[in-house]
Protein chains: 2
Amino acid sequence: MATPPPADGEADIGAINEILGFHIRLAHGACLRHFTETFTDLDLTQKQVSVLWLVDDHPGIAQTDLAQRLRMDRATTMAIINRLQAKHFLRRDRSDKDGRKQALFLEPAGVAMLARAKQAIGEHEAWVKSRFSDKEVKLLIDLLSRIHE
Amino acid sequence: MATPPPADGEADIGAINEILGFHIRLAHGACLRHFTETFTDLDLTQKQVSVLWLVDDHPGIAQTDLAQRLRMDRATTMAIINRLQAKHFLRRDRSDKDGRKQALFLEPAGVAMLARAKQAIGEHEAWVKSRFSDKEVKLLIDLLSRIHE
DNA sequence: TATTGTTATACTCTATAACTATA
DNA sequence: TATAGTTATAGAGTATAACAATA
């Protein structure tokens, strides 16, 4: 249903349902909720998984680069990195090229956790994608990409 | 670009870009960011505007009903209602039919603020929709609705 | 018993500002 | 000056738990 629960049998074709941003927020909320349930055992958040994934794809990546890729503030990035470091999932190394930068690398525990996380993400994605055909998934990704480009 | 900033000239067609949930989160973040900028003067959040809008569309609505429509927890709803009440945008009245329920109504200040908010939402929506044709907007809303239904 | 509202608590994300170190 | 990281702070949303009042 476009609006969550019409509650009664009222018409309820309120203009708020025609607001694109409204649907983006609800869809995001639904995804976040399911993600959280899927990851309760692993005790990881969406952002944390994204960071582990990107550090694995780009060993030695700097915090600033991470922040840009995930559209985060530097301070926000710090908070996430701190939590992951406290769990020994990654480490900070001083960059050789630029003394200001910290090069990030996954620790063994981080590699192991990422492997488990990717499997959980597979389940989570299957839940989301079950509503769509392959063609629709590609279309949706294309449309959403135009927003966050 | 699918991934925020490729930073270097690297290929970077990492699998994370094929994750639908990843794009939903980024798109939501971009919308939230622009929304916040648009509403700095009005000092309202997305959730707060949604609540004002729904209370206006459904005078006397109960907090539980609001929570269902916006997919929120009761405690979360309370926090939002409290802030709006502190600003004198709405009031709680004891329901006649059910003593457990609180009937919510907009105060004059809330009506005025909602009018301004709707205009700001128009600008915000124009920003989001500028990327799409009318047909694509309807398509996107349809696809997103399947996720939060 | 179940529902509604309420309070308290905690965590994450987000953002700003100010500070240090390096370029 | 500009960049990268750091720290402190604050607000908002989310969720859980426990409690009181009402149905």
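Each chain gets a letter, A, B and so on, in the order its sequence line appears, and its residues count up from 1.
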*What pairs of residues pass the ring pair (Phe, Tyr, Trp, His ring centres under 6.0 Å) test when at least one of them lies in residues 25-44 of chain A, not counting sequence neighbours?*
A:H28-B:H28, A:H34-A:H124, A:H34-A:W127, A:F35-A:F39, A:F35-A:H124
_Once salt bridge (charged side-chain N to carboxylate O under 4.0 Å, His left out) is applied, do any residues pair with A:K138, and if so which ones, sequence neighbours excluded?_
none
*Before giving the answer on salt bridge (Lys or Arg N to Asp or Glu O under 4.0 Å), spell out for B:R146 and A:E136 the whole-Å C-alpha distance, their side-chain angles and the decisive distance to 0.1 Å.*
CA-CA 12 Å; B:R146 291 192 220 166; A:E136 287 172 330; 3.0 Å; yes
*Let me know, please, whether B:L32 or B:D98 comes out on the 5' side of the other along DNA chain C by nearest nucleotide.*
B:D98
*Find out whether A:F22 and B:L70 are in side-chain contact, i.e. whether some heavy atom of one side chain is under 4.5 Å from a heavy atom of the other.*
yes
*Can you spot which of A:Q102, A:R74, A:R92, A:K101 makes a side-chain hydrogen bond (donor to acceptor under 3.5 Å, both in side chains) with A:Q63?*
A:R92
*With B:D73 via side-chain hydrogen bond (donor to acceptor under 3.5 Å, both in side chains) - residues at least two apart*: none
*Does anything in residues 114-127 of chain B reach DNA chain D, meaning a heavy atom under 4.0 Å, and if so which residues?*
none
*What does nucleotides 5-13 of chain C look like as a protein-contact string, B for base, S for sugar-phosphate only, - for none, at under 4.0 angstrom between heavy atoms?*
BBBB---SS
*Working to the nearest 0.5 Å, report the span between CG of B:L66 and CD1 of B:I81.*
5.5 Å
*Outermost nucleotides of DNA chain D that come under 4.0 Å of a non-hydrogen atom of chain B*: D:dA12 to D:dA23
*asked:* Less than 3.5 Å apart, any donor N or O on the side chain of B:R25 or A:S50 sitting next to an acceptor on the other?
replied: yes
*Which residue lies toward the 5' end of DNA chain C, A:T77 or A:D96, if each is placed at its nearest nucleotide?*
A:T77
*Would you say the side chain of A:F89 lies within less than 4.5 Å of the side chain of A:L106, judging by non-hydrogen atoms?*
no
_Please report the distance, rounded to the nearest Å, between CG in B:D73 and C1' in C:dT4._
13 Å
*Over 12 non-hydrogen atoms of neighbours within 6.0 angstrom of CZ in A:R116*: no
